[in-house]
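In the text below, chain A, chain B and the rest are named by the order of the sequence lines, each starting its count at 1.
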There are 2 protein chains.
Amino acid sequence: MKITIETVAKKAGVSTAAVSYVLSGKQKLSPEVTVKIKKAIEELGYKPNIIARNLASKKTWTVGFYTSSTKNIRGDVFFNPLLAGILDNLHQQKYQLHLYADYLNETDEDHPDLSLTQPIDGALIMNPRVNDVYLEYLKQQNIPFVVIGTPAEPEKVFYVDVDLTAASYIATKHLILKGHRNVLFILGPEDLMQTVHHTQGCKMAFDEMGWELSAESLVHLPMAEEESYEALKSIGEDIHKYSAIVAFHDIYSFGIMSFLKDNQISVPQNMMYISLGNSLFCRVNSPTITSIDLAPYDIGFQSAEMLVDIIEKRRMQPSHSIIPVNLIKRESA
Amino acid sequence: MKITIETVAKKAGVSTAAVSYVLSGKQKLSPEVTVKIKKAIEELGYKPNIIARNLASKKTWTVGFYTSSTKNIRGDVFFNPLLAGILDNLHQQKYQLHLYADYLNETDEDHPDLSLTQPIDGALIMNPRVNDVYLEYLKQQNIPFVVIGTPAEPEKVFYVDVDLTAASYIATKHLILKGHRNVLFILGPEDLMQTVHHTQGCKMAFDEMGWELSAESLVHLPMAEEESYEALKSIGEDIHKYSAIVAFHDIYSFGIMSFLKDNQISVPQNMMYISLGNSLFCRVNSPTITSIDLAPYDIGFQSAEMLVDIIEKRRMQPSHSIIPVNLIKRESA
DNA sequence: GTGAAAGCGCTAACAA
DNA sequence: TTGTTAGCGCTTTCAC
């Protein structure tokens with residue numbers, strides 16, 4: 001038999017409203033009644049039905065996190081601390097997390113089942129595409145959201161990001177100062193906003209020197225681990241034109257390292273390598289690699305904080321947080 | 001104004017039931033009516049309220065995933081492929097994921113807010129403790145669940161796991177065959193079931209040789225990255241008694257590697273090192289480390305598969321899947 | 001302080 | 001085939 005709020009009310013000899021008040025604490029009842037109700041709840045082992053509560057109160061205490069594809073998640077060391085940051089903040093604020101992976105590029109469905117999206121009070125959305133359907137949907141449905149990464153129209157939207165342009169500028173500049181001029185940039189898919197920002201940073205550093213950034217030195221790759229090896233291979237002998245590589249996603253790291261090793265190109269003597277946003281890989285290979293810390297935990301924590309603020313109307317105007325980046329030098333002496 | 005199923009029904013000049021049928025496809029209506037309703041839905045931009053649907057249908061199409069603490073998630077390379085496997089399977093079967101991190105050891109609350117747990121059709125629960133409150137709650141609430149990892153009472157519960165005892169046996173045996181007798185085992189917290197299984201495997205291999213497994217060669221550590229370095233350090237000079245290490249969680253890897261390096265103990269010449277369940281770290285240091293592949297993606301995929309089967313009553317009796325393990329040798333010649 | 005009752009928006013059994 | 005309507009279990013207003 002189902003134990004509902006009514007069961008409890010009957011047993012305690014009160015109305016359902018009284019039980020609800022005790023549960024929520026939104027209204028004070030007399031001590032005797034309160035005790036009676038609490039006893040009934042205890043004895044019956046009553047647990048409120050959250051769905052019914054959600055329906056009546058129009059509040060789910062749940063936040064949706066739209067992340068990247070599972071292929072991407074698998075090899076992404078950025079993902080874990082980001083998620084941890086989100087969860088920690090939400091836990092503090094008594095919210096929960098609903099996780100959506102991105103299956104948009106899967107062949108079997110060209111339109112995501114966005115109607116499934118609803119039982120959330122707000123959403124976190126990672127690396128939106130240039131024209132993002134999820135973003136459009138959330139806007140249209142009036143669901144508050146915070147973008148992780150910089151969106152196409154920053155002025156209209158809440159977001160938190162690291163300054164990717166700065167990061168990529170710092171990385172490029174660092175290489176330039178080391179005497180590198182022919183740098184190979186291994187970037188993500190062109191339709192990601194972050195790729196746009198990445199490219200800007202490289203360009204800034206080159207522009208500053210009055211150098212041209214050639215198109216063939218910018219390689220765009222799908223976010224999959226194996227790709228980078230193949231990409232370098234397909235460059236063939238031209239690889240020797242380059243004296244440095246910037247990898248914009250850690251997922252490319254292993255492929256790059258393997259390739260360099262297979263071709264007996266040592267790092268950093270003949271080849272210098274910079275990775276964005278990865279402390280893990282960097283640490284393992286500590287003596288040979290420079291990386292930039294993109295502080296993913298902080299991003300997660302901040303974005304959740306901002307979202308809850310919006311949900312609870314503590315923040316009204318579109319705004320953003322930019323998490324600072326640090327260059328972590330790990331070069332051998 | 002709120003657009004509900006009634007708005008649509010009125011506009012199309014039909015009943016709410018008709019609209020519901022079109023939406024769910026659970027009952028066929030005449031082509032004309034169907035078209036009329038679809039048009040109304042389209043024009044109004046109607047999206048069904050999922051919460052109301054859940055309440056009425058008593059089905060959420062959502063699965064809860066009880067994972068470890070965020071501290072643990074942060075450095076766990078096992079987590080990503082596990083999650084990816086879960087998500088991929090759930091997506092195939094049209095289910096969604098609600099993610100709960102474990103804050104049980106946090107000081108501020110000794111009892112988790114389990115009542116928040118309810119809007120799920122089933123749960124995946126990772127590495128349950130010896131007496132797990134979540135597990136008890138799920139049982140009591142009659143929420144179907146699958147344990148990832150081997151539970152305390154395997155015969156009563158659905159679970160999927162790798163054969164951890166076998167894995168740890170294989171690792172230990174491997175070392176023994178290499179001529180190692182003094183092996184240091186770096187294990188997780190003692191109240192985790194998996195630690196129990198790990199220990200069993202080591203013991204089996206030693207028993208087989210008629211050797212004793214000494215208590216001080218079994219080090220139990222919290223699941224945090226820094227711990228392993230300190231643990232080794234505190235062993236002091238005794239470290240030279242050991243010629244091999246088995247790390248039972250990848251999270252200890254970095255600390256161990258750093259320690260060995262700092263103390264000029266080279267791997268594997270003087271010291272052999274085996275890690276369980278990590279292909280990432282293993283790959284990076286390919287020539288010097290042996291690891292065991294615990295196939296986390298498969299575990300995730302399988303456990304989700306099993307859970308949905310239970311939810312949809314295709315599986316009735318407690319059962320389990322054991323994912324096979326492989327020794328990955330990466331020793332230098 | 002307490003209770004009655006009207007929703008919340010949808011599903012599905014039943015009737016027509 | 002289509003419509004009526006009684007729930008689903010809780011919250012919250014309003015009257016007492």
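Of the listed residues (A/T70, A/N72, A/N80, A/D76), just one forms a side chain to side chain donor-acceptor pair (under 3.5 Å) with B/N80, and that residue is A/N80.
Mapping B/A56 and B/P31 onto DNA chain D by nearest heavy atom places B/P31 at the nucleotide closer to the 5' end. Comparing B/G13 and B/K58, the nucleotide of DNA chain D nearest to each residue sits closer to the 5' end for B/G13.
If you measure from atom CG of A/N54 to atom C1' of D/dT12, you get 16 Å, rounded to the nearest angstrom. Rounded to a whole Å, the CG atom of A/N49 is 17 Å from the P atom of C/dC10. Atom CG of A/L29 and atom P of D/dT11 are 13 Å apart (whole Å). What separates CD1 of A/I5 from P of D/dC8 is a distance of 14 Å, to the nearest Å. Rounding to whole angstrom units, CD of residue A/E6 and C1' of C/dG3 are separated by 13 Å. Per the geometry, NZ belonging to A/K59 stands 12 Å off P belonging to D/dT12, to the nearest Å. Put simply, CG on A/L23 is 12 Å from P on D/dT12, counting in whole angstrom units. A straight line from OH of B/Y46 to P of C/dC10 spans 3 Å, rounded to a whole angstrom.
Distances shown here put a side-chain N or O of B/S30 below 4.0 Å from the OP1 or OP2 atom of D/dT2. Taking 4.0 angstrom as the limit, A/T16 places none of its side-chain polar atoms (N or O) nearer than this to OP1 or OP2 of D/dC10. Look at B/S20 and you'll find a side-chain N or O under 4.0 angstrom from OP1 or OP2 of C/dT11. The side chain of A/T4 contributes no N or O atom lying less than 4.0 Å from OP1 or OP2 of D/dG9. Look at B/K26 and you'll find a side-chain N or O under 4.0 angstrom from OP1 or OP2 of C/dA12.
The side chain of A/L55 has C/dC8 as its nearest neighbour among C/dC8, C/dT11, C/dA5. When each of C/dG9, D/dC10, D/dT2 is scored by its nearest atom to the side-chain atoms of B/Q27, the top-ranked nucleotide is D/dT2. Residue A/V14 has its side chain nearest to C/dG3 when only D/dT12, D/dG9, C/dG3 are considered. Taking the side chain of A/R53 as heavy atoms from C-beta on, and the options C/dA13, D/dT11, D/dT12, the nearest nucleotide is D/dT11.
Geometrically, A/R74 engages B/Y297 in a cation-pi contact, judged by NZ or CZ lying under 6.0 Å from the ring centre and within 45° of the ring axis.
Using a 4.0 Å heavy-atom cutoff across all strands shown, A/V19 reaches no nucleic acid atom at all. Backbone-only contact: A/V33 has heavy atoms under 4.0 Å from sugar-phosphate atoms and none from a base. Residue contacts shown for B/A18 are limited to sugar-phosphate atoms, with no base heavy atom under 4.0 Å away.
Annotation for B/E155: atom CD counts as buried by contact number, over 12 foreign heavy atoms lying within 6.0 Å.
Side chain of A/Y103 to backbone of B/D88: a donor-acceptor contact under 3.5 angstrom is found.
When all heavy atoms are compared, the tightest approach of A/S20 to A/I5 is N-CD1, 3.8 Å. Heavy atoms only, all atoms of each residue included: B/E312 and B/Y95 are closest at OE2-OH, 2.7 Å.
A donor-acceptor contact under 3.5 Å links the side chain of B/Y21 to the base of D/dG3.
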